[in-house]
Undergrad: 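Structure below; questions to follow.
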Amino acid sequence: MTQEQDRVVIFDTTLRDGEQSPGATMTHTEKLEIASLLDEMGVDIIEAGFPIASEGDFAAVSEIAKNSKNSVICGLARAQLPDIDRCWEAVKHAAQPRIHTFIGTSPLHRAIPNLTMDEMAERIDQTVTHARNLCDNVQWSPMDATRTEADYLCRTVEIAIKAGATTINIPDTVGYTAPRESAALIRMLLERVPGADEIIFATHCHNDLGMATANSLAAVEAGARQIECTINGLGERAGNTALEEVVMALKVRNDIMPFQTGVDSTKLMNISRRVAAVSGFPVQFNKAIVGKNAFAHESGIHQDGMLKNAETFEIMRPEDVGLTETNIVMGKHSGRAALRSKLENLGFELGDNQLKDVFVRFKELADRKKEIYEDDLIALMRTTIDPEEDRIKLVSMRVVCGTEGPQQAEMTLEVDGAEHKTSQTGDGPVDASFNCIKALVSHTARLQLYQVHAVTEGTDAQATVSVRLEEDGRIVTGQSADTDTVVASVRAYVHALNRLLVRREKGGTDKREIHYKDVH
């Protein structure tokens with residue numbers, strides 16, 4: 001293999017496809033932070049967003065394009081001229097811009113715009129040509145390619161190449177294919193399509209059947225040289241190919257997959273945690289590479305083997321993905337310097353004022369817990385550092401619960417700077433507390449999800465609570481952690497409401513007034 005042939009381009013779409021996960025919407029500041037980390041880590045291409053989707057998306061893509069140092073910055077556009085123009089306006093500020101345009105080519109997707117095969121072919125030629133006239137770097141995708149007729153797929157790919165596309169992405173949009181089929185599809189296109197050897201083929205796999213990473217790697221073995229993926233496998237429905245899985249699979253199994261990437265694997269754990277924190281989607285404990293248990297051993301046999309030789313039960317070293325060993329023990333006697341060092345190891349860089357605020361919360365937690373674990377600190381950061389300006393704040397609360405009802409909650413909220421209080425009953429302390437919020441803040445949001453899990457072990461463990469709300473098609477997630485589960489629940493609900501208010505404003509609607517009333 002030549003150096004060019006064995007190089008796999010990493011295309012990260014966390015900020016576009018990943019953000020489309022219901023409830024995973026990120027703020028402008030959070031998007032810029034994640035883009036900066038991706039750029040620093042060596043990701044070749046960052047798909048920064050869908051510029052025509054909203055003013056917020058356009059602003060984020062434009063700002064990321066201006067600030068990028070190494071990565072190609074890509075924007076997504078439908079096969080429509082206004083989409084492509086808007087995309088170019090956003091990415092043109094980048095040192096290396098790319099326009100990515102797409103259209104659904106399968107029978108199911110052709111039926112949506114009611115286009116014949118010939119009509120769709122004409123639109124592909126028109127839109128790809130228009131994109132290429134604006135930008136030298138153009139990617140085209142036949143959405144739902146794995147369910148598109150082979151002959152028609154070859155025809156449309158040939159049209160896109162002739163119109164100027166430099167990368168052809170083959171998406172398994174619904175996660176339907178299997179590795180053998182994924183490889184065969186790439187081989188067919190390379191063999192049958194004129195000009196296929198002059199462009200780069202990419203693969204974009206969804207994980208509906210749990211085969212996204214396997215399908216992506218099979219496509220690379222067949223000749224694809226770009227993998228589209230997301231941090232932590234974030235994405236619509238069951239998610240996408242996970243960037244960390246691809247990078248480490250190519251590194252660990254270089255003997256049978258002799259391909260190289262430019263991604264610095266030692267930064268994987270850092271960015272995984274940051275994406276989990278800002279998206280509100282915690283990483284499952286047994287997630288490959290970056291899960292909490294990925295390098296944990298409980299079995300006596302495993303522990304004995306690890307003590308004698310780590311390679312007996314670990315196929316990669318923790319330091320390869322950015323896990324660091326430290327002698328800093330965090331507790332109530334720890335100072336600011338120790339806290340700053342520990343947080344930096346976890347990927348959080350704080351200014352002096354931010355550190356001061358976090359330190360106060362840390363001391364409060366340390367007084368209640370005997371030992372502070374890394375996951376405790378991550379949960380603490382998730383609830384302390386939030387770029388949004390909260391219009392609703394919890395001032396105080398008290399609950400009465402037990403075997404004899406009714407369960408009751410008293411609460412004071414600060415709403416737009418003014419304090420309001422109420423007392424409500426409910427089916428348990430959490431329900432009573434949520435009824436207090438509903439009484440003080442009138443809204444039509446529906447509770448879609450309420451989830452609690454312990455961050456660490458022990459009766460003094462912090463509980464992390466996730467609350468997902470839906471209002472008029474807007475979905476927001478709030479998270480909070482506290483050693484008191486009811487307090488964490490209330491803060492998570494309030495956090496979600498604050499995000500909902502931000503989404504209302506960013507969505508171009510009027511700034512709805514917050515209605516409240518004191519109930520005694």
Side-chain angles (χ1 to χ4, degrees), residues 9-21 24-41 43-103 123-124 126-141 143 160 163-167 169 171 202 204 226 228-231 234-236 240 275 278-279 387 502-503 505-508:
V9 174
I10 300 298
F11 178 111
D12 185 272
T13 183
T14 303
L15 297 175
R16 198 278 300 170
D17 198 327
E19 204 206 10
Q20 290 177 196
S21 300
T25 301
M26 303 176 197
T27 67
H28 183 82
T29 303
E30 290 167 344
K31 289 180 182 179
L32 297 185
E33 178 192 3
I34 297 303
S36 177
L37 291 172
L38 291 169
D39 191 44
E40 179 185 333
M41 189 170 66
V43 165
D44 299 283
I45 303 153
I46 300 171
E47 188 166 54
F50 200 163
I52 205 167
S54 70
E55 289 298 324
D57 241 32
F58 178 85
V61 175
S62 180
E63 193 70 19
I64 290 168
K66 293 173 184 176
N67 294 331
S68 63
K69 295 181 175 63
N70 307 303
S71 303
V72 173
I73 303 302
C74 176
L76 185 67
R78 294 168 298 187
Q80 297 176 16
L81 301 187
D83 274 45
I84 294 170
D85 289 338
R86 188 64 168 163
C87 181
W88 174 242
E89 284 299 311
V91 302
K92 70 179 182 181
H93 305 289
Q96 303 178 79
R98 172 181 288 193
I99 295 174
H100 177 195
T101 184
F102 73 97
I103 194 168
R123 179 176 292 187
I124 293 167
Q126 177 193 33
T127 52
V128 174
T129 298
H130 183 67
R132 185 57 192 266
N133 287 336
L134 296 172
C135 182
D136 290 338
N137 191 338
V138 174
Q139 175 171 315
W140 179 74
S141 294
M143 186 165 62
T166 51
T167 299
N169 176 47
H204 179 117
Q226 176 178 301
E228 303 204 355
C229 45
T230 60
I231 301 297
L234 198 63
E236 293 188 275
N240 294 277
V275 169
V278 302
S279 68
V502 173
R503 289 290 303 279
E505 296 170 13
K506 287 185 177 180

Undergrad: Can you confirm whether C135 sits close enough to V91 that some side-chain heavy atom of one is under 4.5 Å from a side-chain heavy atom of the other?
TA: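 No. Closest side-chain heavy atoms not under 4.5 Å.
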Undergrad: Could you tell me if the side chain of V72 sits less than 4.5 Å from the side chain of I46, heavy atoms only?
TA: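 Counting from C-beta outward, I46 and V72 never come under 4.5 Å.
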Undergrad: How close do A163 and V128 get, heavy atom to heavy atom, and via which atoms?
TA: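 Closest pair (atom of A163, atom of V128, distance): CB-CG1, 3.6 Å.
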Undergrad: Please report the shortest heavy-atom distance between H93 and S62, naming the atom on each side.
TA: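 That would be CD2-OG, 3.3 Å.
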Undergrad: How would you list, by chain and number, every residue that makes a side chain to side chain donor-acceptor pair (under 3.5 Å) with T25, sequence neighbours excluded?
TA: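 Per chain and number, T25 pairs via side chain to side chain donor-acceptor pair (under 3.5 Å) with R503.
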Undergrad: Just jot down the ring-ring contact (aromatic ring centres under 6.0 Å, His included) partners of H204, sequence neighbours excluded, or say none.
TA: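 H204 satisfies ring-ring contact (aromatic ring centres under 6.0 Å, His included) with H206 once adjacent residues are dropped.
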Undergrad: For the side chain of N169 and the backbone of S141, is there at least one donor-acceptor N/O pair under 3.5 Å apart?
TA: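 It does not hold such a pair.
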Undergrad: As an exercise, state the distance from CD1 of I84 to CG of L76, rounded to the nearest 0.5 Å.
TA: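 The CG atom of L76 is 10.5 Å from CD1 of I84, to the nearest 0.5 Å.
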Undergrad: Show, in sequence, the C-alpha distance, side-chain angles and deciding distance for I231 and L38, and conclude whether the side-chain contact (heavy atoms from CB on, under 4.5 Å) test is met.
TA: CA-CA 9 Å; I231 301 297; L38 291 169; 4.0 Å; yes
Undergrad: E89: what forms a side chain to side chain contact (heavy atoms under 4.5 Å, CB included) with it, not counting sequence neighbours?
TA: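 By the side chain to side chain contact (heavy atoms under 4.5 Å, CB included) rule, E89 matches F58, K92.
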Undergrad: Which residue pairs pass the salt bridge (Lys or Arg N to Asp or Glu O under 4.0 Å) test with at least one member in residues 127-138, sequence neighbours excluded?
TA: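 Non-adjacent pairs meeting salt bridge (Lys or Arg N to Asp or Glu O under 4.0 Å): zero.
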Undergrad: If only atom types and distance count, is the side chain of S21 paired as donor or acceptor with the main-chain N or O of G235 below 3.5 Å?
TA: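 The answer is yes, because a donor-acceptor pair under 3.5 Å joins these two groups.
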Undergrad: Using the test salt bridge (charged side-chain N to carboxylate O under 4.0 Å, His left out), find all partners of D57 that sit at least two apart in sequence or belong to another chain.
TA: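 Result, salt bridge (charged side-chain N to carboxylate O under 4.0 Å, His left out) vs D57: K31.
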Undergrad: Using side chain to side chain contact (heavy atoms under 4.5 Å, CB included) as the criterion, list what pairs up with A79, not counting sequence neighbours.
TA: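 Partners of A79 under the side chain to side chain contact (heavy atoms under 4.5 Å, CB included) test: T101, I103, R123, T127.
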Undergrad: Does the side chain of L15 come within less than 4.5 Å of M26's, by heavy atoms?
TA: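 The answer is yes; the side chains approach within 4.5 Å.
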Undergrad: Calculate, to the nearest 0.5 Å, the distance between atoms CD1 and CG belonging to I99 and N133 respectively.
TA: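 Separation between the atoms: 10.0 Å.
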Undergrad: Working to the nearest 0.5 angstrom, can you tell me the gap between I45 CD1 and Q96 CD?
TA: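 Result: 9.0 Å between the selected atoms.
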Undergrad: Would a distance-only check, ignoring hydrogens and angles, find a side-chain to backbone donor-acceptor pair under 3.5 Å from D44 to I10?
TA: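 Here the side-chain-to-backbone pair exists.
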Undergrad: Between A77 and F50, which heavy-atom pair has the shortest distance, and what is it?
TA: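 Nearest pair, atom of A77 first, then F50: CA-CE2, 4.1 Å.
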Undergrad: With rounding to the nearest 0.5 Å, note down the distance linking CG in N240 to CD in Q20.
TA: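 The CG atom of N240 sits 9.0 Å away from the CD atom of Q20.
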Undergrad: Closest heavy-atom contact between S71 and D39?
TA: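 Residues S71 and D39, closest heavy atoms: N-OD1, 2.7 Å.
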Undergrad: Restricting to salt bridge (charged side-chain N to carboxylate O under 4.0 Å, His left out), what partner residues turn up for R16, sequence neighbours left out?
TA: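 R16: salt bridge (charged side-chain N to carboxylate O under 4.0 Å, His left out) contacts with E47.
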Undergrad: Using side chain to side chain contact (heavy atoms under 4.5 Å, CB included) as the criterion, list what pairs up with Q80, not counting sequence neighbours.
TA: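 Checked Q80 against side chain to side chain contact (heavy atoms under 4.5 Å, CB included); matches are R78, P82, D83.
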Undergrad: Taking side chain to side chain contact (heavy atoms under 4.5 Å, CB included) as the test, write out the residues that go with A94, two or more places apart.
TA: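 Result, side chain to side chain contact (heavy atoms under 4.5 Å, CB included) vs A94: A65, S68, I73, P97.
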Undergrad: Minimum heavy-atom separation for V138 and G164, please, with both atom names.
TA: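 Nearest heavy atoms, V138 then G164: CB-O, 4.3 Å.
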Undergrad: With sequence neighbours excluded, give me every salt bridge (Lys or Arg N to Asp or Glu O under 4.0 Å) pair touching residues 58-71.
TA: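 Checked against salt bridge (Lys or Arg N to Asp or Glu O under 4.0 Å) - neighbours excluded - no pair reaches residues 58-71.
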Undergrad: Can you measure from SG (C74) to CD1 (I64) and round to the nearest 0.5 angstrom?
TA: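 Output value for this atom pair is 11.5 Å.
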Undergrad: Considering non-hydrogen atoms only, spot the tightest contact between T167 and A202 and give its length.
TA: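 Smallest heavy-atom distance, with atoms named: CG2-CB, 4.1 Å.
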